[in-house]
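All residue numbers refer to positions in the sequence shown, counting from 1.
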Amino acid sequence: MREALKEAKKAAELGEVPIGAVVVKDGTIVGRGHNRTETKKDPTAHAEMEAIREAAETLGGWRLLNCDMYVTAEPCSMCAGAIVWSRIENLYIGTMDPKAGACGSVFNIVQEKKLNHNVKVETGILQDECSEILKDFFRNLRRTKEQKPEDTKR
């Protein structure tokens, strides 16, 4: 999870929502990612998607069998679907997302029995650090918006 936090910090440095993810196979990181939706102008450039893409390239195939993902915040429905379809075995989540999380909070896509693959989930890994980086980001974002003078109509 510490490596995923490093990725989250990279996102924060870019002004992106600070979420980071890594995919691990046999104790080795095979994929890394951090949010880059604003930077890439791509709604699919979430940390989890970036890490899955890199892992698939590294391993030479889309099935990430016997791989685990560590992500600083609970994945959204898009990312949860990608985690299922890529066959990731275990998902380790730092902090949950009660507004948009799809791995137990709002939905539980990764453990939906109707799907052909289910992912084992463990939550609360370095929860304080994972939660704090997000809180700091949004606190600073609100502060910046409050300090900007309102546009006036001419």
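- How far CD1 of I52 is from SG of C79: 7.0 Å, rounded to the nearest 0.5 Å.
- Annotation: side-chain contact (heavy atoms from CB on, under 4.5 Å) contacts of N108 (sequence neighbours excluded): V110, Q111.
- Among residues at least two apart or in separate chains, side-chain hydrogen bond (donor to acceptor under 3.5 Å, both in side chains) pairs with a member in residues 72-81 are E74-S105.
- Among residues two or more places apart in sequence or in another chain, the side-chain hydrogen bond (donor to acceptor under 3.5 Å, both in side chains) test is passed with K25 by none.
- Annotation: salt bridge (Lys or Arg N to Asp or Glu O under 4.0 Å) contacts involving residues 102-124, sequence neighbours excluded, comprise E89-K120.
- Applying the ring-ring contact (aromatic ring centres under 6.0 Å, His included) rule to pairs touching residues 82-130 yields Y70-Y92, sequence neighbours excluded.
- Residues passing the side-chain contact (heavy atoms from CB on, under 4.5 Å) test with I29 are E3, V22, V24, R32, sequence neighbours excluded.
- Taking the side-chain contact (heavy atoms from CB on, under 4.5 Å) definition, one finds that K135 meets it with S131, E132, R139, sequence neighbours left out.
- Residues that satisfy the salt bridge (Lys or Arg N to Asp or Glu O under 4.0 Å) test with E129, not counting sequence neighbours, are R2.
- No side-chain heavy atom of L14 sits less than 4.5 Å from a side-chain heavy atom of E38.
- Note that CG of L64 and CD1 of I88 are 5.5 Å apart. Values are rounded to the nearest 0.5 Å.
- Residue L126 holds its CG atom at 6.0 Å from CG of L5, rounded to the nearest 0.5 Å.
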Go through the steps for E54 and V23 under the test side chain to side chain contact (heavy atoms under 4.5 Å, CB included), then give the verdict. CA-CA 9 Å; E54 187 173 290; V23 176; over 6 Å; no
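- Across all their heavy atoms, A12 and P18 have their closest contact at CB-CB, 3.9 Å.
- At least one donor-acceptor pair under 3.5 Å links the side chain of N35 to the backbone N or O of V17.
- Note that the CD atom of E48 and the CD1 atom of I83 stand 5.5 Å from one another [nearest 0.5 Å].
- Residues V106 and A100 share a closest heavy-atom pair of CG2-N, 3.8 Å.
- Residues A21 and A51 approach most closely at O-CB, 3.8 Å, considering heavy atoms.
- Pairs engaging residues 14-58 under the ring-ring contact (aromatic ring centres under 6.0 Å, His included) rule: none recorded [sequence neighbours left out].
- For the atom pair R142 CZ and F137 CZ, the distance stands at 10.5 Å (nearest 0.5 Å).
- Under the side-chain hydrogen bond (donor to acceptor under 3.5 Å, both in side chains) criterion, D68 pairs with N90, not counting sequence neighbours.
- Taking OG1 from T123 and CD from Q127, the interatomic distance works out to 7.0 Å, rounded to the nearest 0.5 Å.
- Taking R53 as the reference, T44, E50 meet the side-chain hydrogen bond (donor to acceptor under 3.5 Å, both in side chains) condition, with sequence neighbours excluded.
- Between E16 and T37, the closest side-chain pair of non-hydrogen atoms falls below 4.5 Å.
- No side-chain heavy atom of I19 sits less than 4.5 Å from a side-chain heavy atom of P75.
- Other members of the cluster containing M78 are M49, with ILVMFWY side chains joined at under 4.5 Å, either directly or via other members.
- Tracing side-chain contacts under 4.5 Å through hydrophobic residues (I, L, V, M, F, W, Y), one never reaches L65 starting from M69; they form parts of separate clusters.
- Under the 4.5 Å side-chain criterion, counting only non-hydrogen atoms from C-beta, C103 is not in contact with V119.
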